[in-house]
Amino acid sequence: MTIKEQIKKDLQKAIEKSFGNEMEDVYIEHPQDSEHGDYASNVAMNIAEGVGKTPREIAERIVSALQPGKLRCASKVAVAGPGFINFYLSDKFLVDELQRILDRGDDYGRSRVGEGETVVVDYSSPNIAKPFGIGHLRSTIIGQAIYNIYKFLGYKVIGDNHLGDWGTQFGKLIYAIKSWGDEGEIAKDPIKKLNELYVEFHRQAARDPSLEEEGRRWFKKLSEGDPEAHRLWEKCVDWSLEEFDRIYDILGAKIDYAYGESFYEDRVLGIVEEAKNLGFASESEGALVIPIGDNLPPLMLLKSDRTSTYAARDLAAIKFRQKEFGPVSKMIYEVGGDQSLYFKQLFLAANKFSWGEGIDFVHVAHGMMRFASGKMSTRGGKVILLQNLIDSLMEKARAIVEKKNPRLSESEKDQVARVVGVGALKYNDLSQNPRTDIIFKWEKALSREGNSAPYLQYTYARCRSVMRKSWRGEEPEGKAASSTSEVFPVAGEFGLWGIEERALLRTLYRFPEVVEEAAEVCSPNLVCNFLFDLAQKYNLFYAKLPILKSAGNVRRFRLSLTAATAQVIKNGLNLLGIGVLERM
Ligand code: ARG
């Protein structure tokens, strides 16, 4: 249990004791002003209405029921203002937590709250024979972070790459390959060539509508297992996956499964039968739909030509996941906001089936990413290929390290360029609320000063450098590397902490609760905000107080703060899929 939950529990108990109220949700937060303690609750205001006392009186009653002297982690609880209850964490708690960070190391923040629950994360999901778009990039980066965070909390997590590898467009593509394509040529630059063929199909079909019929004919052949149609389709899949895998490699994305839409083609009939039997499918203008209500358009299962839809395959996927991995408690879709209406319909439809009942469906609807100069799109001609984007980031990162740290070896510089370049790309995305549109600015992404990956990586490297110097070049082995037992303060000196030391201590312990909150609202940016705050506090501390030049217990204490800061930054960045460097 995190300290935050502990305090909530204590509050709940005290409220029940004083007023007999069972409060499910007691809201507590970190006050803006640290003078007001580490946690504050406005619960007294909420209770006051029903009780006929002033919030202050109620707050006082709650505090006396809390018996502050007996609380495990708070040294003081005070009533403030109109009736806020403020908690001040004890020095002992803060120091114990510092010790825990050093003891648990890479596992600090890991927990078992999710044990016994299964979460599916549907992410990345690019389309075969189409470019890997910026939307898919965002989905891959954010989806992977959400996946990592849930895993860290002990959930059983299933990552599924719902590849767009089925649908009538493949009939058109196959027709186009057969009519105008050359497989040998395509193989040289598949996605580009396939995309061109697809565009060509639409250009010609605009003049000659009979082509649409050809496209349908080939899709029908594909569905019926025609060997030639199937061979070409499979080629498209292989060509595309080769390219996608290159991107996943660079990003370090590892997605457990990639069933893809085609996997569900045979399962769609089952869904259709079920919907008919249960009486919630109906014919509409030749198509088969599930009416949704709620003023939403119905969800189409079969088109008028009886081919299946994207939606039908998504329903089949939900059923399959539930049977294969379930019971699934949460299914998270990291997909662009342009599909918001669709997911609303899908989730309502899924909830009608026994296998979809009770699943907590979440659509993390990411916004668009633009470049400082206009929208990034694969259609409008202004194509900035992902590979180019990543290459330029690495190049720029390399130029910076060349300037800042010319003495590093060539291979070290390459490594810095890669870890910083990819980190900058990911962090730019992750540090903002996924649901907003974001703008990509090179300077900001690569800045060593602002809220960026390089800033955090740089702070980490700074901490590590301080630690290396404290060992005078001889790195202790294993656990001693963070020198838990040696690098530690004595109890009697608590009172002597400087403002910056205290500020750091009062931030470090929050990491586990931040991770839980980030999972709850599927927002890795909460982890970023926290890390940025922590790094700023460390750098203030570093600027104000001597570490290596101090002596005795003070020195030990400051070194342990340094080691703990490095550890927490590393754990946080690791969840975001971003690496750290010893030197940069
Ligand atoms: N392939 C789709 C696209 O690029 C995204 C699929 C998202 N996942 C899903 N289960 N519908 O738009």
Side-chain angles (χ1 to χ4, degrees), residues 119-144 146-147 157-170 173 191 194-195 198 233 236-237 240-241 243-244 247-248 253 255-265 267-268 271 290 299-301 308-326 328 330-351 353 355-356 359-369 376-379 383 386 434-435 522:
V119 175
V120 173
V121 188
D122 178 315
Y123 66 109
S124 193
S125 312
N127 300 318
I128 296 302
K130 297 242 179 84
F132 192 99
I134 287 298
H136 302 121
L137 176 72
R138 292 207 73 190
S139 175
T140 309
I141 293 174
I142 300 168
Q144 185 71 55
I146 292 174
Y147 176 96
V157 197
I158 309 291
D160 191 11
N161 189 351
H162 193 71
L163 292 171
D165 60 358
W166 204 250
T168 42
Q169 71 274 26
F170 286 96
L173 190 61
I191 303 248
L194 291 173
N195 202 39
Y198 194 62
W233 171 81
C236 292
V237 173
S240 304
L241 286 186
E243 196 144 326
F244 298 163
I247 295 170
Y248 294 141
I255 314 179
D256 299 325
Y257 299 96
Y259 287 105
E261 291 185 45
S262 63
F263 178 77
Y264 301 105
E265 177 62 2
R267 293 173 159 77
V268 163
I271 301 287
I290 298 184
L299 190 72
M300 196 191 289
L301 291 181
S308 70
T309 58
Y310 178 56
R313 294 189 287 275
D314 253 331
L315 284 174
I318 295 168
K319 180 174 179 184
F320 172 77
R321 291 165 181 167
Q322 179 72 302
K323 292 253 144 81
E324 185 80 4
F325 308 111
V328 174
K330 204 188 264 263
M331 222 177 268
I332 301 170
Y333 293 78
E334 209 311 339
V335 188
D338 49 349
Q339 294 187 36
S340 287
L341 170 63
Y342 167 70
F343 279 110
K344 266 197 203 114
Q345 296 171 284
L346 178 69
F347 299 162
L348 285 169
N351 283 146
F353 295 88
W355 39 261
I359 299 179
D360 177 14
F361 289 107
V362 183
H363 176 206
V364 179
H366 65 244
M368 269 196 298
M369 177 154 110
M376 271 202 25
S377 130
T378 50
R379 243 168 285 147
V383 184
L386 224 55
R435 289 121 189 126
C522 291

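First listed ligand is number 1; within each ligand, the first listed atom is number 1. Nothing here was measured: the structure is a model prediction, and the numbers come from that model.
- Side-chain contact check for I128 versus F244: some heavy-atom pair is nearer than 4.5 Å.
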Contact table ligand 1 N or O to protein N or O, d under 3.5 Å:
residue: ligand 1; atom: 1 (N); partner: S125; partner atom: O; Å: 3.0
residue: ligand 1; atom: 1 (N); partner: N127; partner atom: OD1; Å: 2.7
residue: ligand 1; atom: 4 (O); partner: N127; partner atom: OD1; Å: 3.4
residue: ligand 1; atom: 4 (O); partner: N127; partner atom: ND2; Å: 3.0
residue: ligand 1; atom: 4 (O); partner: H136; partner atom: NE2; Å: 2.8
residue: ligand 1; atom: 8 (N); partner: D122; partner atom: OD1; Å: 3.1
residue: ligand 1; atom: 10 (N); partner: D122; partner atom: OD2; Å: 2.8
residue: ligand 1; atom: 10 (N); partner: D314; partner atom: OD1; Å: 2.7
residue: ligand 1; atom: 11 (N); partner: Y310; partner atom: OH; Å: 2.8
residue: ligand 1; atom: 11 (N); partner: D314; partner atom: OD2; Å: 2.8
residue: ligand 1; atom: 12 (O); partner: Q339; partner atom: NE2; Å: 2.9

Determine, stepwise, if the pair Y257 / F263 fulfils ring-ring contact (aromatic ring centres under 6.0 Å, His included). CA-CA 12 Å; Y257 299 96; F263 178 77; 9.8 Å; no
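- With 3.5 Å as the limit, one finds a donor-acceptor pair spanning the side chains of Y310 and Q339.
- For H136, the ring pair (Phe, Tyr, Trp, His ring centres under 6.0 Å) criterion is met by F132, not counting sequence neighbours.
- Judged as a ring pair (Phe, Tyr, Trp, His ring centres under 6.0 Å), and not counting sequence neighbours, the contacts of F343 are Y333, F347, H363.
- Every pair passing salt bridge (Lys or Arg N to Asp or Glu O under 4.0 Å) that includes a residue from residues 312-321 is listed here, sequence neighbours excluded: D122-R321, D160-R321, E261-R313, E274-K319.
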